[in-house]
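Report on the structure given below.
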Amino acid sequence: MTGFPWGAFAQNLAPAAGAAFGVMLVAFAVGVRKGLHRIVDIAWGIAFTAVALVTFLVSAGEGDEARRVLVTVLTSVWGLRLAAHIAWRGRGHGEDPRYDAMLSKAPGSRNLYALRMVYLLQGALVWLVSLPVQAAQYVPGPLTGLAWAGTALWAVGLFFEAVGDAQLARFKADPANRGRVMDRGLWAWTRHPNYFGDFCVWWGLFLLAGDSPGAAAVAVVSPLMMSYLLINGSGKPMLERHMGERPGFREYVERTSGFFPLPPRR
């Protein structure tokens, strides 16, 4: 395997950033028109897909063709499924309470504050978190067992995200479950199957860049950051604070793993 093409990879960083911020700016325009800044959550998955596709075009002639196609397809499938699910889940709803609370404290224009603190910030996060997707497309040499292990881990993650989301949607659709805690299916094994799935997806995509030590050293910031955000940042802690006063939630916490799937405790 030849060395990692640092020059070509560096030239990709700007177009990738342009793709991420471009999607977020379009989402901002739609959000202002609709008066709903929750649109940024739909844009999150689309922005990763855009970064993968732009990198695939820019990296033509670099890296391994099979790896380039594989990482682009995996990222696009994950990103578009997530965007479609969030769009379907949010249909007919008003503004997300998180954004309402944030933007109610805006010093000056609510929309300009949303642009800075929501859209541009998430665009920067997309660019940073997508480093494995970008770096993998420049890794020379054929796919190895490490890359296939990453693909398998990605598949586990997609399974937990998609199945967990579908189970929760069915649970919420039943009026008899209003106010109750979802504790069935995957949700009996982990309180956050969708967050655990996201965790697996990004460590899996990282392994696709792992055949090159140089690419891995750059790309590892992504799964580390996502792991922190999901487990200790804006993921699990924020949701559990919101759920904390719901009847039955404390008992659910006592018998169910907080993140990694484990058999329910009796």
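Under the 4.5 Å side-chain heavy-atom criterion for ILVMFWY residues, no single connected hydrophobic cluster contains both Leu128 and Leu121. In the hydrophobic clustering of ILVMFWY residues, with side-chain heavy atoms under 4.5 Å counting as a link, Leu112 and Leu36 come out apart. Hydrophobic clustering (side-chain heavy atoms under 4.5 Å, transitive across Ile, Leu, Val, Met, Phe, Trp, Tyr) groups Leu239 together with Phe260. Note: the hydrophobic cluster containing Phe159 does not contain Leu262 (ILVMFWY, side chain heavy atoms under 4.5 Å, direct or indirect links). Under the 4.5 Å side-chain heavy-atom criterion for Ile, Leu, Val, Met, Phe, Trp and Tyr, Met238 and Leu125 are members of distinct hydrophobic clusters.
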Discussion item. Run Val133 and Phe48 through side chain to side chain contact (heavy atoms under 4.5 Å, CB included) and show every step you take.
Written reply: CA-CA 9 Å; Val133 177; Phe48 281 105; 5.6 Å; no

| task | Could you give me the CA-CA distance, side-chain angles and deciding distance for Trp127 and Gln134, then say whether side chain to side chain contact (heavy atoms under 4.5 Å, CB included) is met? | result | CA-CA 9 Å; Trp127 177 83; Gln134 300 176 56; 4.0 Å; yes

* To do: Applying side chain to side chain contact (heavy atoms under 4.5 Å, CB included), run through Val139 and Phe9 and close with a yes or a no.
  => CA-CA 10 Å; Val139 172; Phe9 172 69; over 6 Å; no

Discussion item. One pair to check against ring-ring contact (aromatic ring centres under 6.0 Å, His included): Phe160 and Phe199. What are the steps and the verdict?
Written reply: CA-CA 10 Å; Phe160 268 84; Phe199 171 92; over 10 Å; no

ask   = Could you go step by step and tell me if Lys105 and Tyr113 meet the side chain to side chain contact (heavy atoms under 4.5 Å, CB included) rule?
value = CA-CA 9 Å; Lys105 304 172 185 176; Tyr113 188 73; 5.7 Å; no

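Between atom OG1 of residue Thr75 and atom CG of residue Leu53 there is a gap of 9.0 Å, rounded to the nearest 0.5 Å. Note that CH2 of Trp203 and CE of Met226 are 12.0 Å apart. Values are rounded to the nearest 0.5 Å. Between the CD1 atom of Ile42 and the CD1 atom of Ile46 there is a distance of 7.0 Å, given to the nearest 0.5 Å. The structure places CZ of Arg255 at 11.0 Å from CZ of Arg191, a figure rounded to the nearest 0.5 Å. In this structure, Leu103 CG and Arg110 CZ are separated by 4.5 Å, a value rounded to the nearest 0.5 Å. Taking CG of Leu146 as the start and CG of Leu207 as the end, the distance is 5.0 Å to the nearest 0.5 Å.
Remark: Asp165 pairs with Arg81 by the salt bridge (Lys or Arg N to Asp or Glu O under 4.0 Å) rule, at least two apart or across chains. Here Glu65 pairs with Arg68 under the salt bridge (Lys or Arg N to Asp or Glu O under 4.0 Å) rule; sequence neighbours left out. Shown here are the ring pair (Phe, Tyr, Trp, His ring centres under 6.0 Å) partners of Phe28, two or more places apart in sequence or in another chain: Tyr119. Not counting sequence neighbours, Trp154 has no partner by the ring pair (Phe, Tyr, Trp, His ring centres under 6.0 Å) test. Residues meeting the salt bridge (Lys or Arg N to Asp or Glu O under 4.0 Å) test with Arg38, sequence neighbours left out: none.
Screening residues 84-107 for ring pair (Phe, Tyr, Trp, His ring centres under 6.0 Å), with sequence neighbours left out, gives no hits.
Residue Met243 qualifies as enclosed at atom CE: its count of foreign heavy atoms under 6.0 Å is above 12. Heavy atoms of other residues, nucleotides or ligands lying less than 6.0 angstrom from CZ of Arg178 number 12 at most. Other residues, nucleotides and ligands contribute only 12 or fewer heavy atoms inside 6.0 Å of the OH atom of Tyr228. Around atom CZ of Arg33, no more than 12 heavy atoms belonging to other residues, nucleotides or ligands sit under 6.0 Å away. The local environment of CZ in Arg250 is sparse, with at most 12 non-hydrogen atoms from other residues, nucleotides or ligands closer than 6.0 Å.
Judged by distance alone, the side chain of Glu254 and the main-chain N or O of Arg265 form no donor-acceptor pair under 3.5 Å. In this structure, the side chain of Gln137 engages the main chain of Phe56 through a donor-acceptor pair within 3.5 Å. Trp44 contributes no side-chain N or O that, together with a main-chain N or O of Ala83, makes up a donor-acceptor pair within less than 3.5 Å. Of the possible donor and acceptor atoms, one in the side chain of Ser104 sits under 3.5 Å from a partner among the backbone N and O of Ala101. Using a distance-only test at 3.5 Å, with no hydrogens or angles considered, no donor-acceptor pair links the side chain of Thr190 to the main chain of Leu186.
Nearest heavy atoms, Asp211 versus Ala147: OD2-CB, 3.9 Å. Between Thr55 and Ala16 the shortest heavy-atom distance is OG1-CB, 4.2 Å. Shown here for Val58 and Pro15, the closest heavy-atom pair between the two residues is CG2-CB, 4.1 Å. When every heavy atom of Pro223 is checked against every heavy atom of Ser227, the shortest pair comes out as O-OG, 2.7 Å. Residues Phe4 and Ala215 approach most closely at CE1-CB, 3.7 Å, considering heavy atoms. Scanning both residues, Pro140 and Pro5, for their nearest heavy atoms gives CD-CD, 4.3 Å.
Between Met24 and Val126, some side-chain heavy-atom pair lies under the 4.5 Å cut-off. For the pair Leu208 and Leu205, the minimum side-chain heavy-atom distance is below 4.5 Å. For the pair His192 and Leu230, the minimum side-chain heavy-atom distance is 4.5 Å or more. Two residues are said to be in side-chain contact when any heavy atoms from C-beta on lie closer than 4.5 Å; His37 and Asn111 meet this criterion. Considering only heavy atoms from C-beta on, Arg180 comes within 4.5 Å of Asn177 through its side chain. In this structure, the side chains of Glu161 and Asp198 come closer than 4.5 Å at one or more pairs of heavy atoms. The closest side-chain heavy-atom distance from Pro264 to Thr256 is not below 4.5 Å. Considering only heavy atoms from C-beta on, Leu120 comes within 4.5 Å of Leu25 through its side chain.
Aromatic ring centres of Phe206 and Trp202: separated by at least 6.0 Å.
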